Amino acid sequence: MNRVIDFDWIKTKGSEDYVSALFNKGRRKQFGLLEKPSLPPDKNVNFVKYKIFLCGKSGSGKSSTLCNLLGQSTSGISAHTPGIEVGLVHWPVRLLATGQILYFSLYFWDAGDHACKTFEHVLPACIENVDCLMLTFSFSDRQSFNEITPTCNQLASMNQKKEPLKVILGAKTDQYIHSDLSDKEIHDVAEQMQASVLRISNVKKDGNDDKFEDTSRFLNSLCNLLWLRDQNMVNRQ
């Protein structure tokens, strides 16, 4: 992966004010859809917004992924999202080329498979002005992987004003050792779809629900892909 953001910056002293603004009393803040992190007056930073649609088979790990990225507990999550849920993740990054610090405001949209099939307005609302299609499958469910291509084709057939970034998300990586899915299969489908591949576990470690280090790697990778996609769009104009 070509890197346009500094993956190591988040661990440095220079990021402390930006990261601490995401926490309250040691736990991740839950931001409303219009809220932003509070920063010291001398920290002037721009926010860039992205809409990301988590799509895939029921039980593939969409809701647990959203809870994980929000810093919420993933225990007791229903396998079926009843309608549309939107969660906002603010993530600070430092651009390699300029050293500029930005907050990526990532609006994650999660819609239940049943809701998408029952209510005709749900799917169009989710893909309207979408920046990233996150096609989710579970390593413990081959059928969820098999549905990625037809799901992508269905979404591609709907009118979209801009070409979204396509990401294949392998959830439940803690089940990878028991999976009959090979890396080659995943790579071949991603290549065919011109998609990138990310993986996430969503299982807490050492009793800690907020796996910040794992989350930071995932969010850095996603922000890097989104910024690359924007650069490519500008270069094509």
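The residues of the chain are indexed from 1 along the displayed sequence. Quick caveat, the model's predicted, so the values are computed rather than measured. All values below come from the heavy atoms of this structure, side chains included, with hydrogens, waters and symmetry mates left out.
Side-chain atoms of E85 never come within 3.5 Å of backbone atoms of A111 as a donor-acceptor pair (strictly under, hydrogens ignored). With S60 contributing its side chain and G56 its backbone, the two residues share no donor-acceptor pair below 3.5 Å. The backbone N or O of I5 lies less than 3.5 Å from a partner atom in the side chain of N224, making a donor-acceptor pair.
The side-chain hydrogen bond (donor to acceptor under 3.5 Å, both in side chains) test applied to D230 returns Y50, not counting sequence neighbours. For Y103, the ring pair (Phe, Tyr, Trp, His ring centres under 6.0 Å) test picks out F47, with sequence neighbours left out. For W109, the ring pair (Phe, Tyr, Trp, His ring centres under 6.0 Å) criterion is met by no residue, not counting sequence neighbours. Remark: F137 pairs with F139, F145 by the ring pair (Phe, Tyr, Trp, His ring centres under 6.0 Å) rule, at least two apart or across chains. By the side-chain contact (heavy atoms from CB on, under 4.5 Å) test, E35 pairs with F31, sequence neighbours left out. Partners of S38 by side-chain contact (heavy atoms from CB on, under 4.5 Å), not counting sequence neighbours: none found. Judged as a side-chain hydrogen bond (donor to acceptor under 3.5 Å, both in side chains), and not counting sequence neighbours, the contacts of S105 are H90. Remark: F108 engages no residue in a ring pair (Phe, Tyr, Trp, His ring centres under 6.0 Å) (not counting sequence neighbours). Residues forming a side-chain contact (heavy atoms from CB on, under 4.5 Å) with L34 (at least two apart in sequence, or on another chain): none.
Among residue pairs with one or both ends in residues 89-99, those qualifying as salt bridge (Lys or Arg N to Asp or Glu O under 4.0 Å) are D6-R94; sequence neighbours excluded. Applying the side-chain hydrogen bond (donor to acceptor under 3.5 Å, both in side chains) rule to pairs touching residues 185-197 yields R142-E185, S182-E185, K184-D188, sequence neighbours excluded. Applying the salt bridge (Lys or Arg N to Asp or Glu O under 4.0 Å) test to pairs two or more places apart or on separate chains, those with a residue in residues 39-54 are D17-K43.
With a 6.0 Å radius and a threshold of 12 heavy atoms from other residues, nucleotides or ligands, N44 has its CG atom at or below the threshold.
Contact check for N68 versus T215: side-chain heavy atoms found under the 4.5 Å cut-off. Two residues are said to be in side-chain contact when any heavy atoms from C-beta on lie closer than 4.5 Å; P164 and I52 fail this criterion. For the pair I84/D110, no side-chain contact is recorded, criterion being any heavy-atom separation below 4.5 Å from C-beta on. Residues N46 and Q100 meet the side-chain proximity criterion, which asks for heavy atoms closer than 4.5 Å. Within the 4.5 Å cutoff, the side chain of D214 has no heavy atoms near those of the S201 side chain. Side-chain atoms of C132 and L226, non-hydrogen and from C-beta on, do get closer than 4.5 Å to each other.
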Does the pair W91 and N220 meet the rule for a side chain to side chain donor-acceptor pair (under 3.5 Å), with working shown?
CA-CA 8 Å; W91 190 247; N220 276 336; 3.0 Å; yes
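Contact detail for R28 and L70: the closest heavy-atom pair is NH2-C, 3.8 Å.
Cation-pi geometry between R27 and F23 is not met at under 6.0 angstrom from the ring centre and within 45 degrees of the axis.
For the side chain to side chain contact (heavy atoms under 4.5 Å, CB included) criterion with M193, the lone passing option out of T149, N153, L133 is T149. Results of the side chain to side chain contact (heavy atoms under 4.5 Å, CB included) test with L198 over I168, T136, V167 single out V167 as the only residue that passes.
Note on R199 versus D183: salt bridge recorded, some NZ/NE/NH1/NH2 to OD/OE distance being below 4.0 Å.
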